[in-house]
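Please read these numbers as outputs of a predicted model, since none were measured by experiment. Every chain is numbered from 1 and lettered A, B, ... according to where its sequence line falls, protein lines coming before strand lines.
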2 protein chains.
Amino acid sequence: MTVENILHKHNLKSTGCRKLILSELLESKAALAESEMKASIPELFNRVTFYRTLKTLEDAGAIHKIVLQDNTTKYAVTRQKCQGQDIHSHFHCSRCDGVFCLQNNLQLNIELPQGFVRHHVSMVVEGLCAACN
Amino acid sequence: MTVENILHKHNLKSTGCRKLILSELLESKAALAESEMKASIPELFNRVTFYRTLKTLEDAGAIHKIVLQDNTTKYAVTRQKCQGQDIHSHFHCSRCDGVFCLQNNLQLNIELPQGFVRHHVSMVVEGLCAACN
DNA sequence: GTAACTGCAAAATATTTGCATCCTT
DNA sequence: AAGGATGCAAATATTTTGCAGTTAC
């Protein structure tokens, strides 16, 4: 799974900002916040481009965002194991702030009120990761 | 469960802004965003006070916030059924944007990677509510 | 009376929009 | 060549901070 692969697969032009963001996310084990990406990527791109690129990549399905309870947003490459899950779940370490995609084949039997219909579920597990535990 | 009850129970002074926000949330079946609260509450309070009051109420445990995948934040009174749940789950209607606390006694068996420890889980179920379905 | 809540002004931060320029295909 | 991506400037929105005045207890 290379950066070019991903871009081509989603019919996206191969541009500087996209490649940098994708390679950054591919290399990282954890999901990254905008600030974390900017820290490692030199000031090649300004914030506007960042926002637009993240949105483009997300709309195309190349990456997905994870919204934490503290309102911060992190991004991760959408890997095969992430796809087709009714429940998309992530782990958030309270100590190092790391966010990781969880691979789960969970079958949730959630009772909803009468007349409610469920489309999909997102879940964040808070706790300590192996390194911090 | 009156507003004064709640404030007293959490050792909070009974002030105008707190009472308005709490009564607003108590009356509403759905969780409310800051913008939704402001719509029904006259301009008695400015934004700064709003933020600070919400934080105070949240820190005290009188209300809790729900962060949705689109980054919006809603608030709801912490009722008895909300408490002591390992998994706090909410329903978000994609059509009317309503957010409701779900009462569930779900026992989740989530498999975590080696060495990871789980503290608690938050979950948002997306779908259609009874009125919109 | 006192600690803490509120309001105002303003700073800091985050996000969006319009437009001109540049680049990928 | 053309459509789309980028950068800049600036508008808009969101959140935080300091300080002075006010209020609940």
Return the residues of residues 8-16 of chain A meeting this criterion: a heavy atom under 4.0 Å from some atom of DNA chain D. Order them by number, or give none.
A/K13, A/T15

Does either side chain, that of [X] or that of [Y], offer a donor lying less than 3.5 Å from an acceptor on the other one?
X     : Y      : result
B/S14 : B/E4   : yes
B/T56 : B/D59  : no
A/H88 : A/S122 : no
B/H92 : B/E126 : yes

Is A/R52 side chain donor-acceptor paired with the D/dG7 base, going by distance under 3.5 Å alone?
yes

Transitive ILVMFWY side-chain link [X] to [Y], under 4.5 Å:
X      : Y      : result
A/L12  : A/I63  : yes
A/V67  : A/M37  : no
A/V117 : B/V124 : no
A/I66  : B/L68  : no

End-to-end axis angle, where each axis spans five pairs of the helix from C/dG1-D/dC25 to C/dT25-D/dA1, to 10°
50°

Let me know the distance between [atom1] of [X] and [atom2] of [N], rounded to the nearest Å.
X     : N      : atom1 : atom2 : value
A/N46 : C/dG18 : CG    : P     : 17 Å
B/L54 : C/dC5  : CG    : P     : 14 Å
A/L20 : D/dT6  : CG    : P     : 10 Å
A/L7  : D/dA5  : CG    : C1'   : 13 Å
A/K19 : D/dT6  : NZ    : P     : 11 Å
B/K55 : C/dT6  : NZ    : C1'   : 17 Å
B/E4  : D/dC25 : CD    : C1'   : 13 Å

For a quick check of understanding: with a heavy-atom distance under 4.0 Å over all strands, which category does A/T53 fall into, base, sugar-phosphate or nothing?
sugar-phosphate

Would you say B/T49 reaches C/dC5's phosphate, i.e. side-chain N/O to OP1/OP2 under 4.0 Å?
no

Does any part of the side chain of B/M1, heavy atoms only, come nearer than 4.5 Å to the side chain of B/K9, both counted from C-beta?
yes

Ion pair B/D70/A/K65, N-O distance below 4.0 Å:
no

For nucleotides 11-14 of chain D, list the nitrogen or oxygen atoms of the protein found under 3.5 Å from its nitrogen or oxygen atoms, one pair per line.
unit_1, atom_1, unit_2, atom_2, d
D/dT14, OP2, B/R47, NH2, 3.0

Under the criterion side chain to side chain donor-acceptor pair (under 3.5 Å), I'd like the reasoning laid out for A/T73 against A/E34: C-alpha separation, chi angles, the key distance, then a yes or no.
CA-CA 8 Å; A/T73 304; A/E34 186 212 320; over 6 Å; no

5'-most contact on DNA chain C (nearest-nucleotide basis), B/R18 vs B/N71, goes to B/R18

